[in-house]
Amino acid sequence: MIDLKSDFEPKIVGFLCRWCAYTGADLAGTSRIKYPPNVTPIRVMCSGRVDPVLVMKALASGADGVLIAGCHPGDCHYTNGNVKTIRRFRVLQKMLDQFGIERDRVRLEWVSASEGEKYARVVESMTENLRTLGPLNWNGKKEVSS
Amino acid sequence: MAEKIGVYVCHCGTNIAQTVDCKSVVDYASGLPNVTVAREYQYMCSDPGQELIKKDIKELGLTRVVVASCSPLMHEPTFRRAVEEAGLNQFLFQMANIREQCSWITENKEMATERAKSIVGAAVKRVEFQEPLDVKKVPVNPNVLIVGGGITGIEAALQIADSGKKVYLVEKEPTIGGYMAQFDKTFPTLDCAACILTPKMVSVGQHPNIELLSYSDVTGFSGYVGNFTARIRRRAKYVEEEKCSGCGLCTEKCPVSVPSEFDCGLGKRKAIYRPFPQAVPNVPVIDRDRCLYFTKGVCKVCQKFCPRGAINFEQKETYADLQVGAAILATGFDLFDASKVKQYGYGRLPNVITSLEFERFSHASGPTGGKILLKNGQMPSNIAILHCIGSRDTNFNEYCSRVCCMYSMKIAHLAHEKTGARVYEFYIDLRAFGKGYEEFYKRILEEETIFIRGKAAEVTDVAQTSAERGKLIVVAEDTLLGIVRRIPVDMVVLSVGLEPRKDTTEIARIFSISRSQDGFFLERHPKLAPVSTASDGIFIAGACQGPKDIPDSVAQGAAAAANALSLIDRKEVTLEPTVAFIDEKSCSGCKICIGLCPYNAISFDESKEVSVVNDALCKGCGTCVAACPSGAIGQRNFTDDQLLAEVEAICA
Amino acid sequence: METHMEFSYYPGCSLEGMNKAYDKSARLVSKTLGIDLTELNDWNCCGASAYMSIQELRAHLLSARNLAIAEREKKDLVVVCPACLTTLTKSNHYMGEDLKLRRTIASALKAANLQYLGTVKVRHLLEVVVNEIGEQEIKTKVTRPLTSLKVAPYYGCQFTRPFGEFDDKEFPVMLDTLLKWLGAEPVNFPLKAKCCGGMLMTTNEPVGLGLVRSLLDCATQNGAECIATICPLCHITLEAYQGNVNKKFATSFEVPTLYFTQLMGLAFGFSRKELGINEELISSKAVLARRVEAV
Amino acid sequence: MYELKRLGVEFGLVQEGAVAPVLSKTFVDMVDKYGRVPEIPLMMTVLLKTNPLRILKMIPHGLKLFLRGRMPFLPHRISGISELQKCSGAMTDALVSGVHAGPVTGEET
């Protein structure tokens, strides 16, 4: 159900690791679980590939939020790539603070290949969250409606 | 020179076309820069669909191809092949997933179409930046590693070994055989488990192509498809295998008696023991924690009596590195711990036993020599069998354990045959789905087993009537009669479910494979690739993938063997060239990347003072790329340019 | 170091009525153990059983108002009635899981300028005492051990079901443990988590009396001299209907029932009057005199 | 179980003379009126409505409790009762106008 007070549809870039999160997102589709179409996926081999620069670029290019999703800690296909993602994510959060961007706009989530339901829930809650946060409009390009 | 991009939007029958307006996506794509042609088609993966692409490459001179259809995990190889066949490098192709992550996630046509456009737009932008890459071919090591020596592993090992290939069979316990060796009879034919299992065990033990590593486990697994290295820990048996003749004198003379794990603690074994007489290999091991010599420093009786001097108290655990081309995991299952369900009183009330304990009682060479006895030594005259213990239960495991209905009926038969007791089965639903299973159910019905449809609420010894005094009372709602029943019995058998083994997490980590939500290993595709995993060259079979009975386990063991053979008979495999590369000019020599690589694929060239990636070791995770402070590292087919192109297209 | 913990305290309607002594003893022993209980300001009915059974949404609203008030105080909520525990936890749980419910309740609360974000944890005093205070500290407070007093530990049906992650749901042991710390001897009591029949006494008395009888039977057969309760409804049922049971089944039960907080208080050295034991319907005087020094 | 009960109430499938529906209804009414459940008045009202003779049988119990100070006859009304009724009213309005349409999920009783 869309929140009545806002018809804003956030644009979210999703970096999904190929082994867990992307497969999990595929499973959500295969199981015909419905969820908001706001996250557009970009497939990477490992969440460890997600350079903070990519995240900042996405926000600067007009994304309202970024989702990084990988294997659960301990389940990484590359042993521990996601552990490095965690460390990097902390730095990223500080960076967001410095730019005055709400931390909620960038999320790190663990979704295993069998967690289609969870992926859908993550997207749902993130989308809802961003709807309340409103547009980021970091590059100033977007016309502010309302 | 501008690229010429071809975009192909698949309807996938109605799977995509139902929610995505494909025509509108094609129109949109046609308007994108550098797109030479955009088409839609019913089934792009069909031969005519692929022909469309090939024809356009040849006739229109396309230099890039985007197919918008299902997930790349489904058909990326198909289209890559098609592109390659038309003379274009396969890495100049990009797939846009507008089915699993688009048309199937919403019913809103407008939203789905917009999303499809965004996904296609990103792919078109990205493909422009893609570069031709060469795939590397590497030879395949023909040896196969099999982990787990239950009936599944045994079947797989024999199939592969019989084809002339070398098999390393690693088993944790002192003997192969697994759970099946503990069973008395097998459903639905009631043949004795040992009679059909032990000949196979002997074949494994004697096969020239099988190297059996018992009392061992895998502690490390590295490399890539066709070229793996497995590190095996061989625990000390304190008995030298080559010298031992298996005469059993040591066991006979050992003064220490402890509960036998093989007999579920109902019988005894010695501190130096074989789990059961037909063990393979027929070599005893010393239980260090129980042995008098190891605990108190005295005894050595076994050593004194061994006619071949095979006892060696100084033996140490050793490690071996094995080179293999493929691995099959057949690590099996654990039984659900019945004491977790307190209301059935397992461990609290005497004569409440598990199904496996019943098997041991019933087994001719079990602790009671095949007699079903109560704690007081008498035969039970009423027995209740409770189904679904720990299964189909949101408090424990939600799934059905698949085997319990059938083995419960087998137990009903054995109990009735051996004791003449009246047998009650408390079930939720009866699942007799296999060949000959329904007929077996009918047979058990005719033996006057009483089936009560209702999950037992509890087993109690609090009597309400004099008839209940001194009995175990099973309380259940009989859902067919709509009443609560209290059935007094002498013995309760809990049909415990199957669970992922406790070490599943550890094994999944070692082999880098995933687990499904229930904790079992995850297959590549539940229907079409049931014994493959997401990791090439690693296969799974039997109950480690999910609960299975013996016929299914054997079938999977054989299937995994066929998969492994098909891989190693290819003689060589191609490797994804999506590895990391370092731009020497930009590398500052800080070495941050070196510490991050989980595969030690990056080394430092002291003369040039730059880091260097070893392509053969790199698995292409990209962690080093994200970490490089000078942006000197890139990942092929996942370059910053390519990913940024996607980001920008999505955000535009 | 002495423990000091602060909680909001939710007595529940039953403790205002026939179970005042439970309230009294609970406050007293909590204070002794450094558990600071502040009664939740102007609390309302939790929406338990009879309410929940026909007015589901409104029952959640009742719980939510209590939780919202507790959240304002920034303290977790301690209850002593297992029915309140279950109802409040249930609302907490469902509001956490179900977005639609959360929104419905939130907009209803808004009408009274209230809001609930879901941060309050609801706990039973027994669980707090056992898990937070623990063996060592409780033992140091025991000045008059209940040596060899044979007690049937009675939990009733709602303490752990369905949300009792803190103990075994079907066969809890927490009260047994606490009784041992107090020096008492918990007897084997297989019916410890069975229904007392309380709700049935007004609607189906014969069934209710049958349940009370089997509980008393089981307790006495296992040698219990008294029954320890943690639920006000169980307590009043066991206490008030023993006479009816004796009449109906020609038995002669006279088993005193004591709230677990009263037993704690006794072990801590408080008097019968301070703990409200003198208000009981079946006298425990003889039993206690036999086992506990100087009561 | 509760769902069956709720459906029963909704469709008026109430057995003649059954006490449970009276108990539930009285319980709800009292909570709505006072904010809490006054135990003794609740019992008295239910018995009066269903089986007044049982009150006589209860007198000995009542007397014992009364003598021990365990029989508060007067209900306590919470001071926030109007606040509670306001919330409750808001919920009814929302339900009627269908803003939060659909049943509450998650409850499988």
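Naming: A, B, ... by sequence-line order, numbering from 1 per chain. Everything numeric here is computed off the predicted structure, so don't read it as measured data.
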B:Ser535/A:His77 under side chain to side chain contact (heavy atoms under 4.5 Å, CB included): CA gap, chis, key distance, verdict: CA-CA 9 Å; B:Ser535 300; A:His77 187 77; 3.0 Å; yes

Sort and list the pairs that fulfil salt bridge (charged side-chain N to carboxylate O under 4.0 Å, His left out) and have at least one residue in residues 101-124 of chain B, not counting sequence neighbours. B:Glu114-B:Lys117

Chain B heavy atoms under 4.5 Å from A:Phe15: which part of the residue, side chain, backbone, both or neither? side chain

Please round to the nearest 0.5 Å and tell me the distance separating atom CG of B:Leu596 and atom NZ of A:Lys84. 5.0 Å

The residue among B:Glu646, B:Glu100, B:Glu76 that forms salt bridge (charged side-chain N to carboxylate O under 4.0 Å, His left out) with A:Arg43 is B:Glu76

Would you check if B:Gln101 and A:Leu16 make a side-chain contact, meaning some heavy-atom pair closer than 4.5 Å? yes

Please look at A:Asp26 and chain B and tell me whether the side chain, the backbone, both or neither of the residue comes under 4.5 angstrom of a heavy atom of that chain. both

For the residue pair B:Cys651 and A:Ser61, what are the closest heavy atoms and their distance? CB-O, 3.3 Å

Flag the one option from A:Val53, A:Ile12, A:Leu54, A:Val66 with the top tally of heavy-atom pairs under 4.5 Å to chain B. A:Leu54

Test side chain to side chain contact (heavy atoms under 4.5 Å, CB included) on A:Thr40 and B:Ile119 and set out the steps. CA-CA 7 Å; A:Thr40 310; B:Ile119 293 172; 3.9 Å; yes

Looking at chain A, which one of B:Phe511, B:Phe638, B:Tyr599, B:Trp104 has the largest number of heavy-atom pairs inside 4.5 Å, strictly under? B:Trp104

Most contacts with chain A, counted as non-hydrogen pairs under 4.5 angstrom, among B:Asn97, B:Asn108, B:Asn15: B:Asn97

Hey, which of B:Ser118, B:Gly620, B:Ala508 has the most heavy atom pairs under 4.5 Å with chain A? B:Gly620

So which bits of residues 113-123 of chain A come within less than 4.5 Å of chain B, counting non-hydrogen atoms only? A:Ala113, A:Ser114, A:Glu115

Heavy-atom proximity to chain B below 4.5 Å, by part of A:Thr85: neither

Would you compute the distance between atom CD1 of B:Ile513 and atom CG of A:Asp75 and round it to the nearest 0.5 angstrom? 10.5 Å

Can you tell me which of B:Ala626, B:Gly622, B:Ala627, B:Ser516 forms the most heavy-atom pairs within a distance under 4.5 Å of chain A? B:Ala626

Least distance between heavy atoms, A:Arg49 atom then B:Thr639 atom: NH2-C, 3.7 Å

Output the option from A:Asn80, A:Val13, A:Leu27, A:Val44 having the highest count of non-hydrogen pairs under 4.5 Å with chain B. A:Val44

Test your reading of the model: is there a side-chain donor-acceptor pair from A:Lys57 to the backbone of B:Val647, 3.5 Å cut-off? no

Here the gap from B:Thr623 atom OG1 to A:Arg88 atom CZ, rounded to the nearest 0.5 Å, amounts to 6.0 Å

CD/B:Gln18: more than 12 non-hydrogen atoms of other groups inside 6.0 Å: no

Among A:Pro37, A:Pro52, A:Pro41, which has the most heavy-atom pairs under 4.5 Å with chain B? A:Pro37

Quick one: are A:Trp19 and B:Ser512 in side-chain contact, heavy atoms under 4.5 Å? no

Grab the two heavy atoms, one from A:Pro36 and one from B:Ile105, that are nearest each other, plus how far apart they are. O-CD1, 4.4 Å

Test log, rule side chain to side chain contact (heavy atoms under 4.5 Å, CB included), inputs B:Arg126 and A:Ile42: CA-CA 11 Å; B:Arg126 183 193 209 275; A:Ile42 294 180; 5.9 Å; no

Can you name the residues of residues 629-637 of chain B that have some heavy atom under 4.5 Å away from a heavy atom in chain A? B:Gln635

Select, from B:Cys628, B:Pro72, B:Ala122, the one with the greatest count of heavy-atom pairs under 4.5 Å involving chain A. B:Pro72

So which residues of residues 520-529 of chain B are in contact with chain A at a heavy-atom cut-off of under 4.5 Å? B:Leu522

Taking B:Thr106, B:Leu643, B:Ile510 one by one, which has the highest count of heavy-atom pairs under 4.5 Å against chain A? B:Leu643

